[in-house]
Amino acid sequence: MALVPYGGGSGALRGLHSPTAAFRFAGRPIRIEQSWAQLGVAAVVWDAAVVLCTYLETGGVDLRDRAVIELGAGTGLLGIVATLLGARVTITDRAAALALLESNVRANLPAELQPRAAVQELTWGQDLGRFPPGAFDFILGSDIVYLEETFADLLQTLEHLCAEHTVILLSCRIRYERDLGFLEMLRGRFSVQEVHYDPSKDVHIYQAQRGGRKDEI
């Protein structure tokens with residue numbers, strides 16, 4: 001969500017500094033423009049997005065004709081894949097990220113699917129009335145749990161958007177103790193369980209829904 005440029009361009013980070021990243025999901029090639037120098041972490045594809053895209057495609061999640069919202073979309077890969085898999089998707093991020101996001105969405109969706117994907121500004125915790133409460137079947141987020149100062153706003157946003165039937169899917173790499181702290185905050189408001197772990201990329205996928213706290217992280 002935060003537009004924070006990181007330094008360095010070698011080793012594991014080299015791919016993040018490439019101007020494009022190529023993927024194949026839902027039987028289609030996807031080419032994502034990246035812009036690390038201008039927007040930092042909001043403008044590159046992180047492993048958590050790739051892992052969640054793979055899970056949506058192969059993990060038995062049926063998105064056909066479902067209403068989906070993506071939070072902190074960044075480059076838009078996840079929202080693009082959800083649209084290709086049949087969902088009606090609202091793809092959101094902060095204002096500064098929207099031009100690149102819109103460009104990637106339009107470049108990678110065929111004309112007949114573009115009406116099913118809407119790019120909108122959403123800063124967590126602000127102007128939530130613009131988004132109907134409980135209107136979404138799925139809420140998606142990849143690597144959006146990393147800035148502790150955003151945790152309360154993110155949790156407020158999730159609570160606003162959720163109905164009883166809404167399924168939240170969050171993919172992340174647990175880097176710091178504070179990341180576990182957010183999951184504890186989430187577990188205080190939702191029933192949470194880990195539904196997938198990719199050891200090759202060290203990425204977890206958590207599913208959350210309203211209800212009791214019977215499931216453990």
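Looking at Ile139 and Leu158, their side chains come closer than 4.5 Å, going by heavy atoms from C-beta outward. In this structure, the side chains of Val105 and Glu102 stay at 4.5 Å or more apart for every pair of heavy atoms. Considering only heavy atoms from C-beta on, Cys172 stays 4.5 Å or farther from Asp179 through its side chain. A 4.5 Å side-chain heavy-atom check between Phe23 and Val81 finds every atom pair outside the cut-off. Counting heavy atoms from C-beta outward, Leu109 and Leu84 have side chains that approach closer than 4.5 Å. No side-chain heavy atom of Leu63 sits under 4.5 Å from any side-chain heavy atom of Thr83. Counting heavy atoms from C-beta outward, Leu186 and Leu170 have side chains that approach closer than 4.5 Å. For the pair Val89/Leu140, no side-chain contact is recorded, criterion being any heavy-atom separation below 4.5 Å from C-beta on.
Rounding to the nearest 0.5 Å gives a distance of 7.0 Å between CG of Leu169 and CD1 of Ile205. Expressed to the nearest 0.5 Å, how far CD of Glu57 lies from CZ of Phe25 amounts to 6.5 Å. The structure places CG of Leu78 at 8.5 Å from CD1 of Ile91, a figure rounded to the nearest 0.5 Å. In this structure, CG on Asp137 lies 12.0 Å from CD1 on Ile69, to the nearest 0.5 angstrom. Here the straight-line distance linking atom CG of Leu180 with atom CE of Met185 works out to 13.0 Å at 0.5 Å rounding. For the atom pair OG (Ser171) and NE2 (His204), the distance works out to 11.0 Å, reported to the nearest 0.5 Å.
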* Residue pair Asp198, Thr54: steps toward the side-chain contact (heavy atoms from CB on, under 4.5 Å) verdict -> CA-CA 10 Å; Asp198 184 329; Thr54 302; over 6 Å; no
* Stepwise, does the side-chain contact (heavy atoms from CB on, under 4.5 Å) test hold for Gln120 with Phe131? -> CA-CA 10 Å; Gln120 290 186 236; Phe131 297 86; 3.7 Å; yes
* To do: For Arg116 and Asp65, run salt bridge (Lys or Arg N to Asp or Glu O under 4.0 Å): C-alpha distance rounded to whole Å, both residues' side-chain angles, the deciding distance at 0.1 Å, then the answer.
  => CA-CA 9 Å; Arg116 299 179 70 88; Asp65 291 321; 3.0 Å; yes
* Asked: Step by step, would you call Leu155 with Phe190 a side-chain contact (heavy atoms from CB on, under 4.5 Å)?
  -> CA-CA 10 Å; Leu155 191 60; Phe190 298 91; 4.1 Å; yes
* Residues Phe138, Ile168; criterion side-chain contact (heavy atoms from CB on, under 4.5 Å); working and verdict -> CA-CA 6 Å; Phe138 288 89; Ile168 302 168; over 6 Å; no
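Between the side chain of Arg173 and the backbone N or O of Asp143 there is no donor-acceptor pair closer than 3.5 Å. Although no hydrogens or angles enter the test, the distance criterion places a donor-acceptor pair under 3.5 Å between the side chain of Thr92 and the main chain of Glu70. Side-chain N or O atoms of Asp93 include none that pairs as donor or acceptor with a backbone N or O of Leu98 at under 3.5 Å. Side chain of Gln156 to main chain of Trp124: no donor-acceptor pair is present (N/O by atom type, distance under 3.5 Å, no hydrogens or angles). Side-chain atoms of Gln207 do not come within 3.5 Å of backbone N or O of Val167 as any donor-acceptor pair. Formation of a donor-acceptor pair under 3.5 Å by the Thr157 side chain with backbone atoms of Gly125 is found in this model. The backbone N or O of Ala107 sits nowhere less than 3.5 Å from a side-chain atom of Arg31 that would complete a donor-acceptor pair. Thr166 places a side-chain N or O within 3.5 Å of a backbone atom of Phe136 that can act as its donor or acceptor partner. Under a 3.5 Å cut-off, the side chain of Ser103 and the backbone N or O of Ala99 do not form any donor-acceptor pair. Using a distance-only test at 3.5 Å, with no hydrogens or angles considered, no donor-acceptor pair links the side chain of Asn104 to the main chain of Ile32.
For Arg64, the CZ atom is loosely surrounded, since the number of other residues' heavy atoms within 6.0 Å does not exceed 12. In the displayed structure, Glu112 atom CD is contacted under 6.0 Å by more than 12 heavy atoms of other residues, nucleotides or ligands. When the shell of 6.0 Å around CZ of Arg175 is examined, it contains more than 12 heavy atoms from other residues, nucleotides or ligands.
Tracing side-chain contacts under 4.5 Å through hydrophobic residues (I, L, V, M, F, W, Y), one never reaches Tyr197 starting from Val192; they form parts of separate clusters.
Taking all atoms of both residues into account, the shortest heavy-atom contact from His160 to Pro132 is NE2-C, 4.4 Å. Here the shortest heavy-atom pairing between Glu164 and Gln209 reads O-NE2, 4.0 Å.
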